[in-house]
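Both counts, for ligands and for their atoms, begin at 1 and track the order of listing.
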Amino acid sequence: MAEKELKPICEDHVIKGRRLSNRLRKEVKIEVEKLVEKNGISPKLATVIVGADEGSQMYVRMKHKASNKAGILSESHDLPEKTTQEELLELIRSLNDDSSVHGILVQLPLPKHIDEKTIISAITPLKDVDGFSPANVYRLFYGSEDLSAATPHGIVTMLDRIGWNDLSGKHAVIINRSMIVGKPLIMLLLNRNATVTVCHSRTKDLPSFTRQADVLVSAIGRRTSDDDPFFITDDMVKEGAVVIDVATPHGDVDFEKVKDKALCVTPVPGGVGPMTIAMLLKNVVAAYSAQVS
Ligand code: GUN
């Protein structure tokens, strides 16, 4: 029987993040089945969440559901807002020592009384499936992408899959300088030979930068409803650019108008979000493989 032709990832100027994510998640599921058969041990992800932030709770629930669908076991540690830093460190140490746990994810942000850097640094790098620990950030600086941050890794994977895997001569403009998105993305884009500019809240004349972008990644995320004005309008986008909207739940980009000018643009929802989940699952499998083999 002829092999079924795969649908394109960019269709009608829209990058189908969900389509690509589903494809990657199926691949992960098949890989997990093989690994479990070979090793007799299932991969397991442990998540930690402190406080009752509804958005964070929802994202973590989605991560568990996707893990379980791919054959990855999961356990959640939901701690109250008043948890002390020492209590959280104690939990991290016990998860580091638990050989049945292969991946640890501490959902960010943490409450103000807890120092994020101290907590992230306490996760053993082998189990750091977010790629946020100092050792994994360092490895990314040296070009190793196997445990890199899920959201930026999802972004470059979409670029790779539309054929934009070598960005030589292309200008990538990132609007974000966080440890979760902007900073790791700089390295991932540099690895693909892009010329990279980073803009942020103190940048003057943002449109003068965005108009130069062959790849524009926007992660402003300050729109609170669908009625708020967009941050990235069509007049700020170069003809033929690839535009990636990281903001959620309300995208930064005027999708309907930008779509007609750009080569392709990611929708919200259905773009970057599903890719983040797929890349997390890939990281769990990579962490498991490094520990179990
Ligand atoms: N908060 C927002 N995005 C992320 C992420 O990718 N990982 C973690 N741990 N927290 C987040």
Side chains of T47 and S76: donor-acceptor distance under 3.5 Å anywhere?
no
Test item: side-chain donor near acceptor, R139 and N136, under 3.5 Å
yes
More than 12 non-hydrogen atoms from neighbouring residues, nucleotides or ligands closer than 6.0 Å to NZ on K29, yes or no?
no
Region of Y59 engaging ligand 1 - heavy atom pairs below 4.0 Å
neither
Counting only heavy atoms, which portion of V106 has something under 4.0 Å from ligand 1: side chain, backbone, both, or neither?
backbone
Return the closest protein heavy atom for [atom] as residue, atom name and distance.
atom: atom 10 (N) of ligand 1; value: L108 N, 3.0 Å
atom: atom 11 (C) of ligand 1; value: Q107 NE2, 3.5 Å
atom: atom 8 (C) of ligand 1; value: D130 OD2, 3.5 Å

Basic-acidic side-chain contact under 4.0 Å: R93, E90
yes
N-O pairing of R192 and E145 below 4.0 Å:
yes
Ligand-residue contact atoms, ligand 1 with F132, heavy atoms, under 4.0 Å:
7 (N), 8 (C), 9 (N)
Do the side chain of D245 and the main chain of D252 share a donor and acceptor less than 3.5 angstrom apart?
yes
Nearest heavy atom to atom 2 (C) of ligand 1: which of L280, I277, I120, I180 does it belong to?
I180
